[in-house]
Amino acid sequence: MTSAQVDKHDDRPAGNEAAGTAQAPGEGSGEGYQRGLGARQIQMIAIGGAIGTGLFLGAGKAISKAGPSLILAYAIAGLVIFFIMRALGELLMYRPVSGSFSEYAREFVGPFWGFVTGWTYWLFWVVTGITEVTAAAQYMSFWTHNSVPQWLYALVFTLILYAVNLISVKLFGELEFWFSMVKVTAIVGMILICAGILTVGFSDAADTATVANLWNDRGFFPKGIGGTLMTLQIVMFAFLAVELVGVTAGESKDPEKTLPKAINTVPWRIAVFYIGALIMILSVVPWHEFQPGVSPFVAAFEKMGLGVGAAIVNFVVLTAALSSCNSGMYSTGRMLRDLALNGQGPKVFTKLTKSGTPLVGTTVSAALMLVGVWINYVAPGKAFDYVVSFATISGMWAWIMILVCQIRYRRQADAGALPQSSFRAPGAPYTSWFALIFIFMVIVMMGIDKDSRVSLYCAPLWGLILGVSYLVLKAKNPGNKAFEKRN
């Protein structure tokens, strides 16, 4: 689908066109954005979206709960993520637009669901941004030993990333490229070091390093199948943000080529960065030596006797946190602008800078992320725990809507009511139904786990707030096409 086709299909509600959305010839996406993200940046954004603190830190807790069977959990969840991304890819090639999740929900499910999806995904990234900037501030204490207040680091990081996102989408893409490069290099380096220990036998871990560590200590399922199932929520949290590539659709230089290529790399990304890394680490270090709250990468370096490893990993997890916060700054402004363009948010959010970045939406989102600075000031020791529980359930909502929309789109496309996508999801709609069932099973697991149950309590409250807000907006804007289901 060409950008001209995108423009033709972009049926925004009348009366919601924004001032300041002019675009240079050949640069626009039909939404006022500039197509400044090239193939190199899209690829690394897609790769980086699958690698975050969920792997570098969260895997320690998951290993202690499931042992080596965590590898299987990541493999199954990775397959589900691939189904989700191929469903998203089919929708993106049907109509590549920025703010894609809420746009598709609006078209295929209804205006209320587009409203809920857009605002929920926005909240997800605001909460994630607070979480990650808090984590980044904590990582800095490794070098400064608390000589600098934690809240000051949170403030500086937030302001720097805010400035980067306002300058241009190209600068955002370049920064994200190098953030992702650091993460990829760290994992590949860890895999190669572990492979060297297993084959050549150097370092302090050589005496006990063996692939048999994957099954020697009480088997592959040392905590039983139940223990493995209870880690699925941690595993899915690690994959959150992999769908970010969909938000870049409106600013990709050649979406028909770059987006399918990026999505098709999902299987090998998961195979190398998650499954491959875990196989190597758990072969070198027996699973029972890992502790919750401790990075398995740090633990592995310590076991190897490589003292510099802790500093290296700390730099990598700092990069991962800043990368996630950078992505949050990017996506929140686009989501607010998409809602405003569709009459489901304040019109002020439609304003763009001369470089084509959403000024007001990004500014408001960054201002809310500054709540994280305040939390770091009043409770630096508990700041991370205060904001992390809601991220998983709100992030998975986007996945649910992607799958539902793809199922409905495929039904209409097969009936001839809509054009077929050039990038059809294999096995759909059956693969999409499988992914939906899997996500709902994870939500059930979250309800069973007392540590994550609080996020399920927050979800109905957020839904009530959105429902009331929608009804108020609809009552104040009678006849607005933004609140009518599209044919």
Side-chain angles (χ1 to χ4, degrees), residues 37-60 128-129 131-144 153-154 156-158 160-165 167 169-195 237-242 244-245 248 262 265-266 268-278 280-281 294-302 304 306-331:
L37 296 176
R40 173 179 64 92
Q41 293 164 327
I42 292 293
Q43 281 290 335
M44 290 307 290
I45 289 172
I47 292 173
I51 307 171
T53 52
L55 172 62
F56 289 115
L57 288 178
T128 300
T131 302
E132 299 295 0
V133 80
T134 298
Q138 290 176 345
Y139 300 149
M140 289 301 296
S141 64
F142 177 86
W143 291 292
T144 62
Y153 284 123
V156 171
F157 288 145
T158 302
I160 290 175
L161 295 178
Y162 168 67
V164 166
N165 274 270
I167 293 172
V169 68
K170 290 182 180 179
L171 184 57
F172 157 78
E174 198 63 27
L175 187 61
E176 197 58 30
F177 173 86
W178 289 108
F179 277 155
S180 297
M181 184 65 74
V182 169
K183 293 185 285 186
V184 169
T185 302
I187 295 178
V188 172
M190 170 63 81
I191 291 174
L192 292 177
I193 291 172
C194 290
F237 175 78
F239 286 126
L240 289 177
V242 69
L244 180 66
V245 68
T248 68
T265 62
V266 169
W268 73 259
R269 279 187 270 143
I270 293 172
V272 172
F273 300 131
Y274 282 89
I275 299 173
L278 285 174
M280 288 298 181
I281 289 175
V294 177
S295 169
F297 289 78
V298 172
F301 271 122
E302 290 177 347
M304 297 172 199
L306 302 176
V308 72
I312 294 174
V313 172
N314 194 71
F315 174 73
V316 173
V317 294
L318 172 64
T319 301
L322 293 177
S323 171
S324 183
C325 190
N326 188 42
S327 297
M329 291 276 190
Y330 173 85
S331 59

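- Annotation: the span from E132 atom CD to F157 atom CZ amounts to 12.5 Å, rounded to 0.5 Å.
- Qualifying side-chain hydrogen bond (donor to acceptor under 3.5 Å, both in side chains) partners for N326, counting only residues two or more places apart in sequence or in other chains: N165, E176.
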Query raised in the report: Between V184 and V272, does a side-chain contact (heavy atoms from CB on, under 4.5 Å) hold up when you go through it step by step?
Result: CA-CA 10 Å; V184 169; V272 172; over 6 Å; no
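- With hydrogens and angles disregarded, no donor-acceptor distance shorter than 3.5 Å links the side chain of Y274 to the backbone of F239.
- M280 places none of its side-chain heavy atoms less than 4.5 Å from the side chain of I193.
- Of all the heavy atoms in A300 and I281, the pair that sits closest is CB-CG2, 4.3 Å.
- To the nearest 0.5 Å, atom CG of residue L192 and atom CD1 of residue I187 are 12.0 Å apart.
- Rounding to the nearest 0.5 Å gives a distance of 6.5 Å between CZ of F237 and OG1 of T128.
- Of all the heavy atoms in G129 and C325, the pair that sits closest is O-SG, 3.8 Å.
- Between the side chain of S323 and the backbone N or O of T319, no donor-acceptor pair lies under 3.5 Å.
- Across every non-hydrogen atom of V133 and A154, the tightest pair is CG2-O, 3.5 Å.
- For the pair Y153 and L318, the minimum side-chain heavy-atom distance is 4.5 Å or more.
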